[in-house]
Amino acid sequence: MGHPEDLLTILNQPATTAAPLLLGACIRHESPDGAVVVRLSEVEAYLGPRDSADPDPAAHSYGGKTNRNAVMFGPPGHLYVYFTYGMHYCANLVCRPEGLASGVLLRGGEVVEGADLARRRRPAARKASELAQGPARLAVALGLGREHNGVSVLQGEVTVRLPERARPQLVRNGPRVGVSGPGGSADYPWRFWLDGDPTVSRYKSGVVHGKRTTPENGSL
DNA sequence: GGCGGGATATTCT
DNA sequence: GAATATCCCGCCC
């Protein structure tokens, strides 16, 4: 349990299968400033263009390999870290063998170690549950940035430990956050979270990017 | 607790 | 040039 081989077994599967299995897993980043560990409560799956009969229009890899998304087209078990909205980084775990370009976006979790360091990195957080609540916040709390794009999580400064027991909490799923167009519809309910977990992101209901969203939302 | 607006850079038409 | 797998702050209930 918790062996890198088990992790690879999970990450070789389609992102939609791997994503819920990663809930409860712990991401650890050991930096010169110290270690921070986040226990995942929320993730999203994105499938590569050749990883399903029905391509995922919301995936960064949808249009093929580019300089930005090249890491997703590589082998599983690596971080795909991208920069967005001119100020935020978000981290994914690359799934599936080389060429298939699937990924699991790390959307939120609970800081279970290194809370002091995480608080220093995220002074805007008012409660502990906000330290890694949301993909860009999670990246900041863990100290992940551009330099971690392509880094392996099988060994090194960033590692993943799978849950030791069967998940005691109910996994729910629904439409992905911030995705407009067909990829955001109920046909792609590929956001997964631990029901009732306070670190699951709450996002604006009603309007996102000027368009209506589904009423289905975060923790209740 | 919930809304609205603004910020900011990389990416690919 | 437009869109973006977002967050923060200020204001209002």
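Reckoned from all heavy atoms, side chains included, excluding hydrogens, waters and symmetry mates.
Under the salt bridge (charged side-chain N to carboxylate O under 4.0 Å, His left out) criterion, no residue pair touches residues 60-82 of chain A, with sequence neighbours excluded. Sorted by first and then second residue, the pairs that involve residues 116-127 of chain A and meet side-chain hydrogen bond (donor to acceptor under 3.5 Å, both in side chains), not counting sequence neighbours, are A/Ser31-A/Arg121. Pairs of residues two or more places apart, or lying in two chains, that qualify as salt bridge (charged side-chain N to carboxylate O under 4.0 Å, His left out) and include a residue from residues 74-101 of chain A are A/Asp51-A/Arg96.
In this structure, A/Arg191 does not reach the C/dA5 phosphate: none of its side-chain N or O atoms is under 4.0 Å from OP1 or OP2. Side-chain N/O atoms of A/Arg122 include one lying less than 4.0 angstrom from OP1 or OP2 on C/dC8.
Stem regions annotated for DNA chain C: B:1-7 with C:6-12, B:9-12 with C:1-4, counting only runs of 3 or more consecutive pairs of Watson-Crick or G-U type with both contacts under 3.5 Å.
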If you look only at distance, which donor and acceptor atoms sit under 3.5 Å apart when one is on a side chain in residues 32-40 of chain A and the other is two or more places apart or in another chain?
none

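A distance-only check finds a donor-acceptor pair linking the side chain of A/His78 to the backbone of A/Gly150 [under 3.5 Å]. Proximity of a side-chain donor or acceptor of A/Glu42 to a complementary backbone N or O of A/Pro135 within less than 3.5 Å is not detected. A donor-acceptor pair under 3.5 Å links the side-chain atoms of A/Asn173 to the main chain of A/Pro189, judged by distance alone. Judged purely by atom type and a 3.5 angstrom limit, A/Ser201 has no side-chain atom pairing as donor or acceptor with the backbone of A/Gln133.
Remark: A/Tyr89 engages A/Phe83 in a ring-ring contact (aromatic ring centres under 6.0 Å, His included) (not counting sequence neighbours). With sequence neighbours excluded, no residue forms a ring-ring contact (aromatic ring centres under 6.0 Å, His included) with A/His88. Checked against salt bridge (Lys or Arg N to Asp or Glu O under 4.0 Å), A/Arg28 has the following partners two or more places apart in sequence or in another chain: A/Glu30, A/Glu113. Partners of A/Arg137 under the salt bridge (Lys or Arg N to Asp or Glu O under 4.0 Å) rule, at least two apart in sequence or in another chain, do not exist in this structure.
Hydrophobic clustering (side-chain heavy atoms under 4.5 Å, transitive across Ile, Leu, Val, Met, Phe, Trp, Tyr) groups A/Val160 together with A/Val111.
For the segment residues 127-136 of chain A, residues with any heavy atom less than 4.0 angstrom from an atom of DNA chain C are, sorted by number, A/Gly134, A/Pro135, A/Ala136.
Taking atom CG of residue A/Leu105 and atom P of nucleotide C/dT4, one finds them 16 Å apart after rounding to whole Å. With rounding to whole Å, A/Arg126 atom CZ is found 16 Å from C/dC7 atom P.
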Identify all pairs in which a protein N or O lies below 3.5 Å from an N or O of nucleotides 10-13 of chain C, and state each distance.
none

- What string of B, S and - do you get for nucleotides 7-13 of chain B, 5' to 3', if B is base contact, S is sugar-phosphate-only contact and - is no contact with any protein heavy atom under 4.0 Å? BBBSSS-

